[in-house]
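Just below is one structure, and these are the notes that go with it.
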Amino acid sequence: MSTSPGICWFRQDLRLHDNPALLAAIDCGEVLPVFILDDDNAGNWKCGSAARLWLHHSLNALQKSLEGRLSIHRGRAEDIIPRLCRDHQSTRVFWNRCYEPWRFERDKEIKKRLQEQSIDAQSFNGSLLWEPWQIMKKDGTPYKVFTPFYKSARTNANATPAVPLPVPDNIPLMRKDSDGLTVDDLKLRPDHPWCEKIERHWRIGEENAQIVLEEFIEAKIDHYNHGRDFPAEKGTSRLSPHLHFGEISPRQVWERASEVGFDDNIEVFKSELGWREFSYYLLYHFPRMPYDNLKSKFDRFPWWLNEQWLKRWKQGMTGVPFVDAGMRELWQTGHMHNRVRMIVASFLVKNLLIDWRHGAAWFWDCLVDADLASNSASWQWVAGCGTDAAPFFRIFNPVTQGQKFDPDGIYTRHFVPELKELPSKYLFSPWNAPQTTLEQAGVRLGDSYPCPLVDIQQSRQKALDALKKVSSSS
Ligand SMILES: Cc1cc2nc3c(=O)[nH]c(=O)nc-3n(C[C@H](O)[C@H](O)[C@H](O)COP(=O)(O)OP(=O)(O)OC[C@H]3O[C@@H](n4cnc5c(N)ncnc54)[C@H](O)[C@@H]3O)c2cc1C
């Protein structure tokens, strides 16, 4: 066997199945699997607290699958990768591509530097169905609207999602690298009771990602189209953190869904994977998306940062029960149902008039699936400033949304137990309840549960007036 190992640099692909970089490294003979926690290059976009917690467990799972031979490091990848090549006389490095602008630029530079040293550096597509440069309009510019993007991707014969690769029969792993760290050395999991709270809700790692997918296929995909809108039903796959960390690839999920057959439920589920693709597509073509409004007229929007309101929104103490339920779900589980994400985001941006970037930053820290592409694209979508966004004037009403999508109040009562005795009629707007009803339910507004930060109708009107100012000044 060769004494010069192929380096397989694991990043957002913490799995053995469908891993083109790993298979390429195995073709060289011995494999040195490597993981680098590169917070220096990540800057603002280093993993948030909840995602770090996930990463801790995901790395432990990968370490176990690799029989403890994963070589773990912390620091700048452009220093560590060449050093590992030197130390192990390795002339081949393989990785699966990432698309966050900081990673993309860093990796391009590393590839160039390695090639200058006659080291073969190859990258592969391991985390998308379609490469962002594969799907372009006839005039060569990128799509800005989801539907034509998705239609083009689905009908482009050259872009059919590749069949997932098999898990290798045997990985000829190099002996343990002596200068590596342990997962614990990375200190990704703070010693805080919040961690245990989050951990109770998840099964982490590649093996579990497969189980979660199978459970979804068996029990939920058949009524996904309806069930996905009701947070109490848990009708979605909950695969997002597994996909984010690459414990499972979108190709595996796509293929498994395709095996089930063809109906509305499956097509809607696939189109959600399509939204994930579109988010990465936008991030690749518009790398300022996490920072800048994609519709620049929103640069003139009169956001108003009320620190106290922002704090109350983060705490799930806005006094609007459906919003508070969502924000508490986020804090307690590291996740929030998609419909509720849209409602809490709309409330922050359109009722409290707080800039979407403050909301995105909180999500970044609290979500186990925090993902630069999906988070930025979704916040811009809700705020109305994205390329294919919900129009700003469409403002979710958190009262009617709660009544419609949590009709029995199961979700809201679970996360806002102070209101659990209130009749459903008043659960989503306790400020409308007669005093006797509040008393019977043990609710003291402004004491046991807050009064609403704003009046829903008046704040809506204020947002529409603010929008007029932006539109008329263009
Ligand atoms: C304000 C806001 C912020 C968001 N931030 C993130 C984020 O940081 N990370 C993230 O993964 N998703 C984000 N989303 C999208 C969506 O809410 C989650 O992907 C979804 O809730 C994950 O749950 P699930 O796996 O059960 O989804 P399912 O309904 O089972 O969907 C399957 C998969 O499709 C993808 N997907 C579904 N909906 C979307 C969408 N709207 N945009 C992009 N991909 C989608 C996810 O990978 C998901 O796992 C955000 C949405 C909003 C409105």
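Read the numbers this way: they start at 1 and go in the same order the structure lists the ligands and their atoms. We're numbering straight along the sequence, starting at 1. This one's a predicted model, so the numbers in the text were calculated from it and none came from an experiment.
The pair Asp408-Arg413 does not count as a salt bridge, with every side-chain nitrogen at least 4.0 angstrom from each carboxylate oxygen. Look at Arg203 and Glu215 and you find a salt bridge, because one of the NZ, NE, NH1 or NH2 atoms lies within 4.0 Å of a carboxylate O, short of that distance. Ion pairing between a basic and an acidic side chain is recognised when a charged N comes within 4.0 Å of a carboxylate O; Lys220 and Glu233 show no such pairing.
The atoms of ligand 1 that sit less than 4.0 Å from any heavy atom of Leu239 are 25 (O), 49 (O). Ligand-side atoms of ligand 1 in range of His335: 22 (C), 23 (O), range being under 4.0 angstrom from any heavy atom. Taking every non-hydrogen atom of Met342 and a distance limit under 4.0 Å, the qualifying atoms of ligand 1 come out as 53 (C). Here is the list of ligand 1 atoms found below 4.0 Å of a heavy atom in Leu243: 47 (O), 49 (O). Listed by number with element, the atoms of ligand 1 under 4.0 angstrom from any heavy atom of Phe269 are 30 (O), 32 (C).
A centroid separation of less than 6.0 Å is found between the aromatic rings of Tyr284 and Phe104. Remark: aromatic rings of His335 and Trp202 are close, center separation under 6.0 Å.
With Phe392 as the aromatic partner, Lys350 meets the cation-pi criteria of under 6.0 angstrom to the ring centre and within 45 degrees of the ring axis. Judged by a 6.0 Å distance limit and a 45° cone about the ring axis, Arg328 is not positioned over the six-membered ring of Phe415. A cation-pi arrangement is absent between Lys314 and Trp309, since the terminal nitrogen or guanidinium carbon is not both under 6.0 Å from the aromatic centre and inside a 45° cone about the axis.
Considering Lys220, Arg341, Arg339 only, the shortest heavy-atom separation from atom 53 (C) of ligand 1 involves Arg341. Atom 46 (C) of ligand 1 has its nearest heavy-atom neighbour, among Ser240, Gly227, Ala51, Cys366, in Ser240. Counting only non-hydrogen atoms, the option in Tyr280, Tyr224, Phe146 that gets closest to atom 31 (O) of ligand 1 is Tyr224. When the options Val382, Asn338, Asp371 are ranked by their closest heavy atom to atom 21 (O) of ligand 1, first place goes to Asn338.
When hydrogens are left out, the protein atom nearest atom 40 (C) of ligand 1 is Trp275 CB, 3.9 Å; that is the closest non-hydrogen contact. Annotation: atom 9 (N) of ligand 1 to nearest protein heavy atom, Asp369 O, 2.8 Å. In terms of protein heavy-atom proximity, atom 50 (C) of ligand 1 is nearest to Ser378 OG, 3.4 Å. Shortest contact from atom 45 (C) of ligand 1 to any protein heavy atom: Glu272 O, 3.6 Å.
Heavy-atom neighbours of Lys462 NZ from other residues, nucleotides or ligands within 6.0 Å: at or below the threshold of 12.
Ligand 1 has an N or O atom lying under 3.5 Å from an N or O atom of Asn375, backbone or side chain. Residue contacts with ligand 1: His337 is placed with no nitrogen or oxygen under 3.5 Å of a nitrogen or oxygen of the ligand (distance criterion only). Between Trp379 and ligand 1, no pair of N/O atoms sits closer than 3.5 Å.
Applying the side chain to side chain donor-acceptor pair (under 3.5 Å) test between Asp39 and each of Arg74, Arg76, Arg52 identifies Arg52 as the sole match.
Not a single heavy atom of Arg228 sits under 4.0 Å from any atom of ligand 1. Under the 4.0 angstrom criterion for non-hydrogen atoms, His244 is not in contact with ligand 1.
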Show me, pair by pair, the donor-acceptor contacts under 3.5 angstrom made by side chains of residues 358-366, not counting sequence neighbours?
residue, atom, partner, partner atom, Å
Trp364, NE1, Lys46, O, 3.0
Asp365, OD1, Ser49, N, 2.8
Asp365, OD1, Ser49, OG, 2.8

